[in-house]
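For clarity, every value in this text was computed on a predicted model and none was experimentally measured. Heavy atoms only: backbone and side chains are in, while hydrogens, waters and symmetry mates are out.
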Amino acid sequence: ELQQTQAEVELPAQFDLGEAAQPDTLRPMPRWWSAYNDPVLDRLVDTPLTRNLDLRAAAARLVEVQNQYRIARAPERPSIGIGFDANRANTPANTGFTSDLPGVPERLENDTYSLYGSISYERDLWGRIRSQSNAAESEFFATAEDLRSVQIGVLAETIAIYFELLDLETQLRLTEESVRLLQERIDLTDERYDRGLVTSFELYSLRQEFESTRTNVPLLEASIADAHGRLSVVLGLYPDEVAALLDAERSPDFVITPIPAGLPSDLLQARPDLAAATHRLEAARQSIGAAKASLFPSISMTATGGLQSGELTALLNTSQYFTNLTTSLFAPIFQGGALRANVEVTKAQYEQLAASYEKTLRTAFSEVGVTLEGYEKQQARYAMLLEERATAEASLQAQEARYRSGVGDYLAYLDARRNLLRVQTSLAGAERALADARLAVHRALGGAWIEDPAPPAA
């Protein structure tokens, strides 16, 4: 026996998508990204909600399905129409017989004008029309969840590229600084080599490290250009518009509100893919009911009434009225097994969607567990790198103090600076990985588990 899945009770009276899927059109989404406390990120996220082309296409698809629902629901109500007919007939009078009677014309002419209205209605005795309407309604809600899924994907891609840009730009700045330090280190080592204080191996090792580091600069610049291009496509903007949005200080907070332990499984209901699978399973169940109802007789009624006259000037004479009432009963007897085969088709489609729903549910639970574990590990790695940076900074301060007091040499000071740059580069990558890991948790949960931050006081 098929189990009924929970679906929405009513379809919204209106679904306005003139601004290409504004977030308020769907279920409210907490602005969890504002926890990073970065105005530049907030502006970037707000942009794809109105300009992204994938979101516009998904919004148009939702409008299409909404009107398909209205089409499926229309037979539940009577169909009313009005019409006007004008007919002129001119036929031979002797068609079908031979007559020599006097006074019989050779041809017959007849003009008929009709002004009428009609109403027709099919009595939905077995629930076929109602099931089709319910299936279309469930498909509408599934498509609305598809739109929400695209919305979350666009937001996530925007945020991911933003943090990628931060990482790449930081790496480029630190790499260029490393190149300058290595060049200075090589110049000093050249002098020491000329005086016989270092071996050629040490000198050539430094030069090789310098060349290897320097080659990363054009690669990073190319990656930054690529990220800018991808961000332009996601935002639906031209490159100069994206540059204007990014032309501000960017300093997001990476240590933000922690994810609470023991998140309830009810949060998975916010996942749009799971909600869409639920609605489509319900649509398939309703389609089975519609297919079964097609096996039974259908009853339809049509009533027509109006005015009819042979002269157009007399058409509005109320004495020229006519009425017609027709009731029809149609029962399918033999159609080569097509109707029963259609029932089996809908059952098979339901089984496919049931398996897909179960897979989506298992995937959702798995993704939440994996992303939570990944985020925890990235937090631990980030904390370790913060400690390593503190150690590198302390080492640099010690070497600088030794050099200024005349106890240490300048080479040790340069090496301490290079080591700090190395740690800072690793930390920049860890910040991006931490942001991506938290973003993966948000996607796995279909949005957010936190309340929308309170607006600032006026």
Side-chain angles (χ1 to χ4, degrees), residues 160-231 246 249-252 254 374 377-437:
I161 297 176
Y162 176 72
F163 284 116
E164 179 186 354
L165 269 174
L166 285 180
D167 177 34
L168 291 172
E169 291 172 351
T170 301
Q171 286 191 45
L172 178 61
R173 177 177 56 80
L174 296 175
T175 300
E176 290 174 339
E177 189 173 348
S178 295
V179 169
R180 289 192 295 270
L181 289 178
L182 281 169
Q183 183 63 64
E184 187 176 355
R185 184 72 165 78
I186 290 173
D187 293 340
L188 293 174
T189 305
D190 272 333
E191 295 179 4
R192 292 168 60 84
Y193 175 74
D194 292 339
R195 290 184 295 170
L197 300 177
V198 297
T199 64
S200 60
F201 177 77
E202 182 178 348
L203 176 61
Y204 283 110
S205 294
L206 279 172
R207 287 179 177 175
Q208 183 178 1
E209 184 180 356
F210 170 79
E211 295 297 339
S212 176
T213 304
R214 188 172 64 169
T215 57
N216 289 329
V217 173
L219 293 178
L220 289 170
E221 291 174 340
S223 297
I224 290 174
D226 175 69
H228 272 282
R230 286 184 283 116
L231 190 58
L246 296 174
E249 182 180 355
R250 289 168 272 162
S251 55
F254 289 97
K377 300 305 180 184
Q378 290 296 340
Q379 282 182 306
R381 175 172 177 260
Y382 184 69
M384 293 176 186
L385 285 171
L386 287 176
E387 294 178 0
E388 185 178 358
R389 184 181 66 177
T391 302
E393 288 173 344
S395 174
L396 176 59
Q397 291 174 359
Q399 293 300 328
E400 184 179 8
R402 286 172 56 85
Y403 172 71
R404 292 186 183 280
S405 63
V407 178
D409 60 5
Y410 189 66
L411 290 177
Y413 169 68
L414 286 180
D415 289 341
R417 287 180 61 188
R418 288 170 52 207
N419 182 59
L420 179 58
L421 289 176
R422 178 188 61 79
V423 176
Q424 288 175 330
T425 301
S426 298
L427 188 61
E431 288 175 343
R432 174 186 171 186
L434 183 62
D436 287 344

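Proximity of a side-chain donor or acceptor of Thr189 to a complementary backbone N or O of Arg185 within less than 3.5 Å is detected. Using a distance-only test at 3.5 Å, with no hydrogens or angles considered, a donor-acceptor pair links the side chain of Ser223 to the main chain of Leu219.
By the 4.5 Å heavy-atom criterion applied to side chains, Leu411 and Arg192 are counted as neighbours. Looking at Leu197 and Glu191, their side chains never come closer than 4.5 Å, going by heavy atoms from C-beta outward. Residues Glu164 and Asp167 form no side-chain contact, since every pair of their non-hydrogen atoms from C-beta on lies 4.5 Å or further apart.
Separation of atoms OG1 (Thr425) and CG (Leu385) is listed at 11.0 Å; rounding is to 0.5 Å. Distance CG/Leu220 to CD/Glu176: 8.5 Å, rounded to 0.5 Å. Atom-to-atom distance recorded for Ile161:CD1 and Leu166:CG is 12.5 Å, nearest 0.5 angstrom. Between the CG atom of Leu188 and the CD atom of Gln183 there is a distance of 10.5 Å, given to the nearest 0.5 Å. The CG atom of Leu165 lies 9.5 Å from the CG atom of Asp226; values are rounded to the nearest 0.5 Å. A distance of 10.0 Å separates CG of Asn419 from CD of Gln424, quoted to the nearest 0.5 Å.
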task: Run the numbers on Phe163 and Leu434 for side-chain contact (heavy atoms from CB on, under 4.5 Å), then give the verdict.
output: CA-CA 10 Å; Phe163 284 116; Leu434 183 62; over 6 Å; no

Salt bridge (Lys or Arg N to Asp or Glu O under 4.0 Å) between Glu177 and Arg418, intermediate numbers included: CA-CA 9 Å; Glu177 189 173 348; Arg418 288 170 52 207; over 6 Å; no

- prompt: Yes or no on side-chain contact (heavy atoms from CB on, under 4.5 Å) for Glu388 and Arg422, after CA distance, side-chain angles and deciding distance?
  reply: CA-CA 10 Å; Glu388 185 178 358; Arg422 178 188 61 79; 3.2 Å; yes

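Between Arg381 and Ser426, the shortest heavy-atom distance links the atoms NH2-O, 4.3 Å. Here the closest heavy-atom approach between residue Val217 and residue Thr175 is recorded as CG2-CG2, 3.8 Å. In terms of heavy-atom proximity, Arg207 sits nearest to Ile186 at CA-CD1, 3.8 Å.
Classification of Glu400 and Arg404 as a salt-bridged pair holds, one side-chain N sitting under 4.0 Å from a carboxylate O.
Exactly one residue among Asn216, Thr215, Thr213 makes a side-chain contact (heavy atoms from CB on, under 4.5 Å) with Val179. That residue is Thr213.
Checking Gln399 against Tyr410 by side-chain atom types alone, no donor-acceptor pair falls below 3.5 Å.
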